[in-house]
Amino acid sequence: MAKMAKTPTRKRGQIWVPPNVLGEASAAPLVDKGYVNITSQGTRAVFVWHVTGLGGPVELRLGSATQVTGIPRYGDWSRPLGLFVTNVQADPVPGSPSQAHVTVEYGIQADGGGWFNNEPSETEPAQIEIVSTVQSATTNMHLAGPKKGQQILVSHIVKDEEAGTSTLVEQGGEIAFEDEMDMVIFRRRENFSPGVAVPNGGRGSSRMYRRHTNATVFMGDVAGTWFCTKMDGYSDDGGVTWNNTYEFQRREGTTLIAYTDAEAPVRWELPVPGWDTLAVYRDPETKEPIKVTNPGEVEVVQNYEHAEFHDLRLYVP
């Protein structure tokens with residue numbers, strides 16, 4: 001039984017060329033033909049090789065010229081340039097059928113297998129997406145109306161039949177409501193994954209920002225307003241560059257307004273940053289929050305550590 005011919009296999013950027021076509025072909029760079037162009041859109045590099053010694057059928061020579069040893073393949077990564085091969089083109093040399101000029105262009109690979117010229121950067125402003133919605137939450141303060149900022153209070157009258165007295169008892173209350181939720185998502189192609197720190201004074205790893213709130217003014221809001229919910233990334237080029245995502249959720253702070261328990265009550269206020277919690281003393285018998293009348297009965301609890309989000313250089317302030 002006759003053996004079946006083996007089907008040739010090809011790697012990325014290669015075409016199948018019969019061995020007798022390449023012959024003794026060789027390639028040498030034409031140093032006076034290449035150039036590197038650096039603009040605000042990124043870096044583009046072009047280099048040209050002179051191929052000689054092509055043989056075989058004329059219709060296969062240009063294709064085989066791109067496969068000569070020394071010619072970069074489509075999709076190859078150039079570590080010295082920090083760029084990918086984005087295009088390989090072979091052109092005939094007039095009057096010399098055994099020769100060709102192969103032009104190789106370099107750029108940056110884009111999502112989905114396409115190409116673009118923007119270089120990865122940890123300092124260029126990122127792509128920004130805004131999401132505004134609502135989420136369920138609870139509060140122990142009035143959020144609107146004439147009592148905005150004051151503690152929610154419920155009261156009842158306790159009667160002592162034997163003594164013939166009635167006492168008004170007030171205690172704190174808590175309600176569920178739909179809180180506004182603003183989220184900002186930044187996306188940027190970078191040289192490093194979120195899991196590692198950028199050297200030479202760049203940003204830290206995701207552990208330094210995720211589950212932290214802003215330490216200073218961020219996107220126009222005071223410290224403690226923005227919470228980093230996610231930092232992740234993926235690479236479509238084997239870890240050479242990274243498509244990173246940074247997500248932040250906003251929660252506006254409140255201010256507790258209360259009055260001292262006196263004949264002439266004195267108003268006092270306590271700021272509560274957005275991601276902190278207001279803890280109120282509870283009556284040991286009823287286990288319910290008491291009516292707050294002095295600062296010692298309430299405490300602002302910081303739930304998360306702060307981080308300097310400006311180190312991420314995500315936007316132009």
Side-chain angles (χ1 to χ4, degrees), residues 122-123 125-126 128-145 147-152 172-188 194-195 197-198 201-232 244-259 267-282 289 292-317:
E122 284 73 35
T123 58
I128 302 175
E129 178 183 351
I130 306 294
V131 178
S132 294
T133 182
V134 295
Q135 63 178 354
S136 297
T138 59
T139 183
N140 52 13
M141 298 167 58
H142 288 275
L143 301 176
K147 293 185 177 181
K148 181 177 180 180
Q150 297 184 34
Q151 182 186 15
I152 297 174
E174 188 176 80
I175 62 169
F177 73 106
E178 293 301 311
D179 192 12
E180 61 181 14
M181 186 187 77
D182 295 324
M183 181 179 292
V184 176
I185 304 170
F186 297 91
R187 295 185 178 90
R188 184 170 61 194
V198 176
R203 64 159 172 81
S205 69
S206 58
R207 292 182 295 276
M208 294 182 60
Y209 307 99
R210 188 184 61 243
R211 203 174 171 271
H212 286 64
T213 59
N214 58 306
T216 58
V217 174
F218 183 66
M219 290 189 287
D221 289 312
V222 298
T225 304
W226 289 94
F227 180 64
C228 182
T229 58
K230 182 172 75 170
M231 281 179 61
D232 65 6
N244 294 337
T245 299
Y246 304 80
E247 291 189 3
F248 301 88
Q249 185 173 332
R250 183 181 186 274
R251 179 176 292 172
E252 189 170 353
T254 57
T255 299
L256 172 67
I257 300 173
Y259 296 86
R267 170 173 165 153
W268 56 277
E269 299 182 358
L270 180 65
V272 183
W275 291 93
D276 290 353
T277 301
L278 188 67
V280 180
Y281 177 78
R282 292 177 178 267
V292 176
T293 57
N294 68 77
E297 298 167 342
V298 66
E299 182 177 356
V300 176
V301 180
Q302 179 181 328
N303 297 314
Y304 308 104
E305 296 291 342
H306 299 317
E308 184 50 78
F309 292 162
H310 287 293
D311 291 344
L312 299 172
R313 302 181 183 180
L314 294 170
Y315 73 104
V316 178

Would you compute the distance between atom CG of D221 and atom CZ of R251 and round it to the nearest 0.5 angstrom?
14.0 Å
Out of curiosity, N303 CG to T277 OG1, how far, rounded to the nearest 0.5 Å?
3.5 Å
Looking at side-chain heavy atoms only, is the closest gap between V301 and D276 below 4.5 Å?
no
Taking the side chain as every heavy atom from C-beta outward, state whether V298 and L256 have any pair of such atoms under 4.5 Å apart.
yes
Shortest non-hydrogen contact from A215 toward A223:
O-CB, 3.3 Å
Within the 3.5 Å criterion, strictly below it, is a donor on R210 or Y246 matched to an acceptor on the partner's side chain?
no
So, do D232 and N244 sit near enough that their side-chain heavy atoms are less than 4.5 Å apart?
no
What do you reckon, are the aromatic ring centroids of W275 and F227 less than 6.0 Å apart?
yes
Here the gap from E129 atom CD to E247 atom CD, rounded to the nearest 0.5 Å, amounts to 8.0 Å
Would you tell me whether E308 and T216 have side-chain atoms, one donor and one acceptor, within less than 3.5 Å of each other?
yes
Classify the ring geometry between H310 and Y315 as parallel (under 30°), tilted (30 to 60°) or perpendicular (over 60°).
tilted
Side chain to side chain, M183 and F248, heavy atoms closer than 4.5 Å:
no
For D311 and R203, which heavy atoms make the closest approach, and how far apart are they?
O-CB, 3.8 Å
Worked verdict on V184 versus M219 for side-chain contact (heavy atoms from CB on, under 4.5 Å)
CA-CA 10 Å; V184 176; M219 290 189 287; 4.1 Å; yes
Can you name the nearest heavy-atom pair linking W268 to N294, along with the distance?
CZ2-C, 3.4 Å
Would you say the side chain of H212 lies within less than 4.5 Å of the side chain of Y304, judging by non-hydrogen atoms?
no
Tell me the closest heavy-atom pair linking Q302 and E305, and the distance in Å.
NE2-CA, 3.9 Å
As an exercise, state the distance from CD1 of I130 to CG of D182, rounded to the nearest 0.5 Å.
8.0 Å
Taking all atoms of both residues into account, what is the closest heavy-atom pair of H306 and N214, and its distance?
ND1-O, 4.0 Å
Angle between ring planes, F309 versus Y209, binned at 30° and 60°: parallel, tilted or perpendicular?
tilted
If you draw a 6.0 Å radius around CZ in R187, do more than 12 non-hydrogen atoms from other residues or ligands fall strictly inside?
yes
Report the distance from atom CG of L270 to atom CD of E299, rounding to the nearest 0.5 Å.
9.5 Å
To the nearest 0.5 Å, what is the distance between CZ on F186 and CZ on R188?
9.5 Å
For C228 against M231, the heavy-atom pair lying closest together
SG-CG, 3.9 Å
Before giving the answer on side-chain contact (heavy atoms from CB on, under 4.5 Å), spell out for V300 and L278 the whole-Å C-alpha distance, their side-chain angles and the decisive distance to 0.1 Å.
CA-CA 5 Å; V300 176; L278 188 67; 4.1 Å; yes
